[in-house]
Amino acid sequence: MKKYFLVVLAVIGMATNMHAQTKKYPSLNHIALYVVDLQRSTDFYRDVIQLEVMDEPFKDGRHSWFKVGAHSQLHIISGAARATEHPKDTHLCFSVPSMQAFIAVLQQHHITYEDWPGKPNTINKRVDGVQQIYFRDPDGYWIEINDDKY
């Protein structure tokens, strides 16, 4: 009886541990940005940030969708009356395999970047060694690019 009880406890413990390992948390589905000029923003996120364009279901000429992860997207929606200022603390962040290759793309498109304090054309290095830069999209949204390897 005692042996049976220990086996039952072991099975319950394994099931509890497996449940803890498979707990599902909320995951990012999409981020939507409201923009003034859909074509300009689409070109920016496709050509500068180098995101993959996705088919979007509305087909109304007001949306562009981009794949930003296995199950996450960026939605660009036209209709904003004007671009607005945003604090750098509010930003989108994308990781790239090569900071130097990405900076070459920025230079090709005549886009200046800065470090966190705001020094132009300077790469910031976090305490963990990850390099990062900041710049704005056509509507003033801040973008961080880093070389985090996860």
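Not measured: the values here are computed from a predicted model.
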Smallest heavy-atom separation, P138 atom then F44 atom, equals CD-CG, 3.5 Å
Interatomic distance, CD1@I143 vs CZ@F135, rounded to 0.5 Å, equals 6.0 Å
Report task. Answer whether the closest heavy-atom distance between the side chains of T112 and N121 falls below 4.5 Å. Result -> yes
When every non-hydrogen atom of Y113 is compared with those of T122, the smallest separation belongs to CE1-N, 3.4 Å
- prompt: Counting only N and O atoms by type, is there a donor-acceptor contact under 3.5 Å from the side chain of Y141 to the main-chain atoms of Y34?
  reply: yes
Original post:
Just wondering, do D37 and S78 contact through their side chains at under 4.5 Å, heavy atoms?
Top reply: no
Check D43 with R46, please: is the shortest side-chain N to carboxylate O separation under 4.0 Å? yes
Practice task
Tell me, with the steps shown, if I123 and D115 meet side chain to side chain contact (heavy atoms under 4.5 Å, CB included).
Solution key: CA-CA 5 Å; I123 298 172; D115 64 2; over 6 Å; no
When rounded to the nearest 0.5 Å, the distance separating CH2 of W65 from CG of L74 is 11.0 Å
Atom NZ of residue position K125 - does it have more than 12 heavy atoms of other residues, nucleotides or ligands inside 6.0 Å? no
- Query: Thinking salt bridges, do E85 and R136 make one under a 4.0 Å N-O criterion?
  - Reply: yes
- Heavy-atom side-chain contact between V48 and L106 under 4.5 Å: yes
Hydrogens and angles aside, do S41 and D139 bring a side-chain donor and acceptor to less than 3.5 Å of each other? yes
Rounded to the nearest 0.5 Å, the CE atom of M54 sits from the OG atom of S64 at a distance of 11.5 Å
Hits for ring pair (Phe, Tyr, Trp, His ring centres under 6.0 Å) against H91, two or more places apart or cross-chain, chain-then-number order -> Y134
Review point. Tell me, do H63 and H75 make a side-chain contact under 4.5 Å, heavy atoms counted?
Key: no
- Pairwise side-chain contact, D147 with V130, heavy-atom cut-off 4.5 Å (strictly under): yes
Exercise for review: Side-chain contact test, heavy atoms from C-beta onward, threshold under 4.5 Å: evaluate it for I77 versus R62 and give yes or no.
Suggested key: yes
One should read off an interatomic distance between E144 CD and W116 CH2, to the nearest 0.5 angstrom, of 8.0 Å
Distance col, row Q73:CD vs E52:CD, nearest 0.5 angstrom, shows 10.5 Å
Assigning hydrophobic clusters by single linkage (Ile, Leu, Val, Met, Phe, Trp, Tyr; side-chain heavy-atom cutoff under 4.5 Å), is L92 placed with V36?
no
Smallest heavy-atom separation, V68 atom then L51 atom, equals CG1-CD1, 3.7 Å
Here the pair of heavy atoms bringing I145 nearest to M99 is O-CE, 3.5 Å
- Query: Any donor-acceptor pair under 3.5 Å linking the side chain of S72 with the backbone of H30?
  - Reply: no
Interatomic distance, CD@E114 vs NZ@K119, rounded to 0.5 Å, equals 12.0 Å
Closest non-hydrogen contact found for D47 with V105 is O-CG1, 3.8 Å
* Do the side chains of V96 and Q50 get nearer than 4.5 Å, heavy atoms only? -> no
(message) Side chains of S95 and D148: any donor to acceptor distance under 3.5 Å?
(response) no
**Asked** With distance as the sole test, does T42 use its side chain to make a donor-acceptor pair with the main-chain N or O of L38 at under 3.5 Å?
**Response** yes
**Asked** In terms of hydrophobic clusters joined by side-chain contacts under 4.5 Å, are L28 and W142 together?
**Response** no
